[in-house]
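Working notes, beginning with the structure itself.
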Amino acid sequence: QVQLVESGGGLVQPGGSLRLSCAAPGSIFSIYVMGWYRQAPGKQRELVAAITPGGRTNYPDSVKGRSTISRDNAKNTVYLQMNSLKPEDTAVYYCAAGNTVLALTITRRVDYWGSGTQVTVSS
């Protein structure tokens with residue numbers, strides 16, 4: 001199965017910024033809906049952001065106004081720029097790909113997953 005490769009995680013202080021990157025195969029990236037999930041210990045995996053091949057984005061209220069998802073089609077890479085980070089943003093962040101919007105937004109129907117990158121927000 002195709003592997004999505006995340007990078008950019010790390011330790012950041014509250015109020016800081018971080019940019020995550022996810023590289024995907026071109027055959028997937030060109031047509032799939034891409035997104036980011038996160039999972040904190042003891043909690044369910046939750047969608048953070050999604051972006052369609054056409055560039056439409058969607059965010060839950062918890063990150064709206066603080067995070068931006070974007071695509072670089074030339075590099076087959078999706079980014080998650082996170083600003084004004086809070087301790088509750090601490091989680092393992094997973095890149096995800098779904099061949100439809102529905103597949104991407106329902107965890108069990110996501111087609112491809114990255115292995116995750118740790119984001120820790122702490123002073």
Side-chain angles (χ1 to χ4, degrees):
Q1 190 175 37
V2 65
Q3 182 177 353
L4 307 178
V5 181
E6 304 102 332
S7 62
L11 176 64
V12 62
Q13 293 186 346
S17 298
L18 208 60
R19 188 175 78 160
L20 307 182
S21 300
C22 173
S27 60
I28 300 300
F29 191 84
S30 62
I31 61 172
Y32 276 55
V33 181
M34 304 295 300
W36 291 92
Y37 278 77
R38 67 184 180 188
Q39 187 167 26
K43 292 193 173 184
Q44 295 181 348
R45 193 169 297 189
E46 65 173 349
L47 182 68
V48 177
I51 186 167
T52 68
R56 182 181 179 184
T57 60
N58 194 31
Y59 310 91
D61 290 339
S62 60
V63 302
K64 194 172 299 182
R66 299 189 297 118
S67 297
T68 302
I69 188 170
S70 61
R71 304 171 67 111
D72 186 335
N73 293 335
K75 293 182 171 62
N76 294 329
T77 300
V78 62
Y79 303 96
L80 183 67
Q81 177 68 47
M82 300 185 289
N83 302 318
S84 301
L85 284 164
K86 305 175 181 179
E88 52 261 44
D89 295 318
T90 296
V92 177
Y93 283 70
Y94 297 90
C95 186
N99 60 11
T100 66
V101 172
L102 182 62
L104 189 277
T105 57
I106 299 176
T107 305
R108 293 183 178 181
R109 296 186 60 176
V110 168
D111 292 297
Y112 302 106
W113 291 101
S115 59
T117 184
Q118 177 71 48
V119 172
T120 302
V121 184
S122 179
S123 60

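Along the sequence shown, residues carry numbers from 1. Treat the numbers as computed from the prediction; the structure is a model and nothing was measured.
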Criterion side chain to side chain contact (heavy atoms under 4.5 Å, CB included) on V119 and T90, from CA distance to verdict: CA-CA 5 Å; V119 172; T90 296; 5.9 Å; no
Chi angles and distances behind the side chain to side chain contact (heavy atoms under 4.5 Å, CB included) call for V92, R45: CA-CA 9 Å; V92 177; R45 193 169 297 189; over 6 Å; no
Y59/L47 under side chain to side chain contact (heavy atoms under 4.5 Å, CB included): CA gap, chis, key distance, verdict: CA-CA 8 Å; Y59 310 91; L47 182 68; over 6 Å; no
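Taking the side-chain contact (heavy atoms from CB on, under 4.5 Å) definition, one finds that S115 meets it with E6, sequence neighbours left out. Applying the side-chain contact (heavy atoms from CB on, under 4.5 Å) criterion to N73, with sequence neighbours excluded, gives F29, R71. Judged as a side-chain contact (heavy atoms from CB on, under 4.5 Å), and not counting sequence neighbours, the contacts of L11 are T120, S122.
Residues A91 and A40 approach most closely at CB-N, 3.8 Å, considering heavy atoms. Closest of all the heavy-atom pairs between A103 and D111 is CB-OD2, 4.1 Å. Considering all non-hydrogen atoms of both residues, P60 and A49 come closest at CD-N, 4.5 Å. Here the closest heavy-atom approach between residue L18 and residue G8 is recorded as CG-O, 3.5 Å.
In this structure a side-chain-to-backbone donor-acceptor pair under 3.5 Å is present from T77 to K75. The backbone N or O of C95 lies less than 3.5 Å from no partner atom in the side chain of Y112, so there is not a single donor-acceptor pair.
Applying the side-chain hydrogen bond (donor to acceptor under 3.5 Å, both in side chains) rule to pairs touching residues 11-37 yields S17-N83, sequence neighbours excluded. The stretch residues 92-107 participates, sequence neighbours left out, in these side-chain hydrogen bond (donor to acceptor under 3.5 Å, both in side chains) pairs: R38-Y93.
Within the 4.5 Å cutoff, the side chain of V101 has heavy atoms near those of the T52 side chain. Using a 4.5 Å cut-off on side-chain heavy atoms (C-beta onward), L20 and Q81 make no contact. Looking only at side-chain heavy atoms (C-beta outward), D89 and R66 come within less than 4.5 Å of each other.
Each of N76, L4, V5 was checked for a side chain to side chain contact (heavy atoms under 4.5 Å, CB included) with C22, and the lone residue meeting it is L4.
Note on Y79: it does not cluster hydrophobically with V48, by side-chain heavy-atom contacts below 4.5 Å among ILVMFWY residues.
The environment of CD in Q44 is sparse: at most 12 heavy-atom neighbours from other residues, nucleotides or ligands sit within 6.0 Å.
Separation of atoms CG (N58) and CD1 (I51) is listed at 11.0 Å; rounding is to 0.5 Å. For the atom pair CG of L80 and OG1 of T68, the computed distance is 8.0 Å after rounding to the nearest 0.5 Å. For the atom pair CD1 (I31) and CE (M34), the distance works out to 11.5 Å, reported to the nearest 0.5 Å. Note that CD1 of I28 is 13.0 Å distant from CD of Q3, once rounded to the nearest 0.5 Å.
Side-chain heavy-atom separations under 4.5 angstrom define the hydrophobic clusters, and the remaining members of the one that includes L102 are I106.
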